Amino acid sequence: MLRSSQPLTGPNRKRCREDEMLLGTVLDEGERGFIIDTRSAQAAKQARMTGGGTEPKSAYPQWRRLHRPLERGRPLQESFIKLVEACNDPSMNMDRWLSRLESCRWLSHVKAALSTACLAAQCLDREEASVLVHGAEGTDTTLLVTALAQVILDPSCRTLAGFQGLLEREWIEAGHPFHLRCARSAYSHARLKQEAPLFLLFLDCVWQLSRQFPFSLEFGERLLLTLFDNTYASAYGTFLCNNEKERRVGRAGGTALCLCKVKESTHSLWAWLNQPGEKKKYLNPLYSHNALVIWPSVEPQSIQLWQGLFFRWIRSSQYLDEAWAEIQRVVE
Amino acid sequence: VENVRLLDRLSSRKAALGTLYLTATHVIFVENGSETRKETWVLHSQISSIEKQATTASGCPLLIRCKNFQVIQLVVPQERDCHDVYISLIRLARPVKYEELYCFSFNPKLDKEEREQGWKLVDLNEEYNRMGIPNNYWQISDVNRDYGVCDSYPTEVYVPKSATAHIIVGSSKFRSRRRFPALSYYFKENNASICRSSQPLSGFSARCLEDEQMLQAIRKANPGSDFLYVVDTRPKLNAMANRAAGKGYENEDNYSNIKFQFIGIENIHVMRNSLQKMLEVCELKSPSMSDFLWGLENSGWLKHIKAIMDAGIFIAKAVAEEGVSVLVHCSDGWDRTAQVCSVASLLLDPYYRTMKGFMVLIEKDWVSFGHKFNHRYGNLDGDPKEISPVIDQFIECVWQLMEQYPCAFEFNERFLIHIQHHVYSCQFGNFLCNSQKERRELKIQERTYSLWAHLWKNRADYLNPLYRSDHSQTQGTLHPQMAPCNFLYKFWSGMYNRFEKGLHPRQSVTDYLMAVKEESQQLEEELEVLRERLANLQKSQLNDNKVKSKQQDRSKQLGLSTSNNSLANTPQEYSNDLKSFPSRSPSQGDEEDSALILTQDNLKSSDLDLSANSDQESGVEDLSCRSPSGGGCLPSEDSGKDSDEAVFLA
């Protein structure tokens, strides 16, 4: 599975031999690959007007392009805000709850994200074909798909350590702009242009997987909630800045802008989480290694609202916590 | 009929080829596959509707919808055969006489005494005793001993001590169907009670001294309160409309010290339509999130569930927190009244959250108080306007509570699903007819078997591993909040999509935990035995070593083998656009396309086959050490496979 950003085809249908060669080396003679473009066909076409575009069939003959539009940016943030508002609305009544939930479209986004990740996974696992995933910038929906696909496919990504590694690789090092995306969250009136809850959407999808496969993830909901918290506000430097360049030390004497020396000046969230005393809080008592691929159901009935997150401060989770404590007790 | 295809709803390209059999009691589809020969059994009593669809090139489709929400899509190659099957099923699914029902031919091979014992398992007299009755305030009355006062009530009713036979009879004449106020639940902590009745025949201005005295007697039976709640579970408009027909509701001016309250649960027709709409949503092919949520809201189903629950919460609060007795009624006092009284009792009394207690609750508020099982669930062919999912709604309320309070119930989801299944299956005699009187006339207990005994025998399958009688959640009353943000109602896919393999978590946490618990228990017992032995014997080296190695072996066994094929599952249809995978052309045989459909080896390794067959395990290893009897969430219809009973008409 590969990821990138959009090819800069532009309105004049530019080509780039190196790019074509690079993709060519991925596939053997006669093999085919799939390109999953997370924009709609129309949006991808329109991107040409501003210098972007898609891979033309003639230039990339072994690659077959599939469009799976995933929401990002402002509309996704609006969806998030609307959902949080709906959950917090004291005057809400049961009569209108479902249509209100529907109008937020959050669950539709979850369904779309899971479906696309499953599609990518299917290409790899069932079709045994390589996959290239990209949207526009390659920093948002792209990472959502590649990270999720790995959780589905790879049992090692479902361990606590493996999942942390996945986050480091597919989100942090891959350059998801956390600083811009996770700024003020849902309550703020400041509607920042660059803010969007892609990472939360990812966590929600992982939660859906944990619900459908209660034995297959080594970690539980608590880890996901902790991660959510730390992307917005953290005592640790793990989710700071927007990319590796900003995190590192600048070149000596160079003109590179160095924002902060994250590794030197802050502590790592992982280091804290992995301490034996802390770690056990995040483990799933039902976990047992599942070497197989986990294929979730994406039917609407199978996708539920993540109450642990969206009702976290509204409703006591006492009874559910007690249930988990009981599960822990039984298993021990 | 041979060469029939059974289609899968979710994966339209996957179809099983096999033979269709019709017996006196079941429809059976047997797959041709050499390895599995999977069977799908459907009881005729479960069939709700049969639809013969337009013949296509591939054959004549037949859609069977069941009362337990199973939907079976068959394709019969010849139109004539399809028509024959259709006509036969129509007749078989609409029995005219009770004797045609399965329970009269069902033979679990128990002797007469076991059958009798089975019926004695639930004893209502014992139950009222457990509540603390008879006592200073309440007593048993035999005024209805020959069903002379009310033919839909039981022979034994519990009434306030100060209610004389004269008062009871007088009151019954002033109540619809003569269903006078009688005791449903007595809360001994504070003497408050829940009584139930039907609507008074008050019209616009009629009064009845005895009925007023009856309510007064109920109020007086609770010295801790100077007033009585009267709860009408109908919407106000409906109740008012009833006045024009000479019925109606209690006027606060006429009855001393009552506080009247409408709760507003819709009637059986609204509920029937609501379920219908929700099932239509369930039948949508590949719905979007929007379609689903809009459809669910339009059906209003969860709104109705909430209304019933809220009524139960109101009554439980009145009793437990305010210490005020409540008289509940609707129109005839056998639908909404039953739902609301049972929900309230469940909230108030932890006994009803145990397995035995739940059976007792249903026996008390539904069976003995004359809920019209036959009419509501169509045991016999009858008026379709009487059909309504009344007990289904109650069962769902219990499930919703179980989701909110996972440690509070001794039984699990499977218990509820099986009970619902058997309300319609007519495999046992508990839910036949419309009243105790009718059941006694038909000698049900002598001629059929009790579901309760059957469930009790298999209770290990129905336990909730998180339940502990000493847990805080299981003590005392439950206090769910009514505000929506505090109690979110979920769609019960375990019930309404019960038979759809792809939808559910593949791994049953309940079964796993039960297996772990069992292992732990076994280990502990062994440990005890070994400890004793150690204490008894001389401390010799040899014995020490023996003990140690045994313990090691056991703990190895406990490492429940989980990394096995039973966790395998297969991809759903993530891509509606078949053109996405041009390497697989649609014309290639179904078996070839592994991307979109199940392949043979995947079929074998998927665990807990949730399809509707009987006991027959599909030869798979499941996650727990022992597989629950009956396989997965299936009712153990072991009887159904009794080959000497079934008559093959293939």
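Computed from a prediction, not measured in an experiment: that's the story for all the values here. In what follows, chains are A, B, ... by sequence order, proteins preceding strands, each numbered from 1.
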Euclidean distance, [Y] [atom2] relative to [X] [atom1], rounded to 0.5 Å:
X      : Y      : atom1 : atom2 : result
A/S108 : B/F292 : OG    : CZ    : 12.0 Å
A/W97  : B/L293 : CH2   : CG    : 10.0 Å
A/Q318 : B/S472 : CD    : OG    : 6.5 Å

**Prompt:** Would you call the rings of B/Y512 and A/F215 parallel, tilted or perpendicular if under 30° counts as parallel and over 60° as perpendicular?
**Reply:**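 The arrangement is perpendicular - the two ring planes meet at more than 60°.
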
**Prompt:** Under a 4.5 Å heavy-atom cut-off, does chain A meet the side chain of B/P465, its backbone, both or neither?
**Reply:**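 Contact with chain A: backbone only.
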
Which of the residues [options] is involved in the greatest number of heavy-atom pairs with chain B at under 4.5 angstrom?
options                        : value
A/R211, A/E322, A/Q304         : A/E322
A/L305, A/L320, A/L107         : A/L107
A/S115, A/A121, A/S302, A/C118 : A/C118

**Prompt:** A/P155 versus chain B, heavy atoms under 4.5 Å apart: side chain, backbone, both or neither?
**Reply:**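 Neither part; nothing is under 4.5 Å.
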
**Request:** Select one option (side chain, backbone, both, neither) describing which atoms of A/R96 are under 4.5 Å from chain B's heavy atoms.
**Result:**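 Both parts, heavy atoms under 4.5 Å.
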
Side chain proximity check, [X] to [Y], heavy atoms < 4.5 angstrom:
X      : Y      : result
A/E299 : B/E500 : no
B/C407 : A/Y319 : no
A/E102 : B/M289 : no
A/R105 : B/S290 : yes

**Item:** Evaluation steps, side chain to side chain contact (heavy atoms under 4.5 Å, CB included), between A/L98 and B/N298
**Value:** CA-CA 9 Å; A/L98 291 173; B/N298 273 335; over 6 Å; no

Specify the closest pair of heavy atoms between [X] and [Y], including all atoms of both residues, with the distance to one decimal.
X      : Y      : answer
A/R315 : B/L488 : NH1-N, 4.2 Å
B/V516 : A/V330 : CG1-O, 3.5 Å
A/P300 : B/S288 : CG-O, 3.7 Å

**Message:** Any side-chain to backbone donor/acceptor pair from A/Q301 onto B/S493? Under 3.5 Å, distance only.
**Reply:**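 Such a contact is absent between A/Q301 side chain and B/S493 backbone.
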
**Prompt:** Which of the residues B/E403, B/K517, B/R468, B/K303 is involved in the greatest number of heavy-atom pairs with chain A at under 4.5 angstrom?
**Reply:**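 Option with the greatest count: B/R468.
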
**Request:** Using a cut-off of 6.0 Å, state whether more than 12 heavy atoms not belonging to B/K490 lie near its atom NZ.
**Result:**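 Correct, the count exceeds 12.
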
**Exceeds 12 heavy-atom contacts within 6.0 angstrom, atom NZ of A/K280** =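 Not more than 12 within 6.0 Å, no.
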
**Request:** Determine, stepwise, if the pair A/R100 / B/E297 fulfils side chain to side chain contact (heavy atoms under 4.5 Å, CB included).
**Result:** CA-CA 10 Å; A/R100 187 127 180 227; B/E297 184 160 275; over 6 Å; no

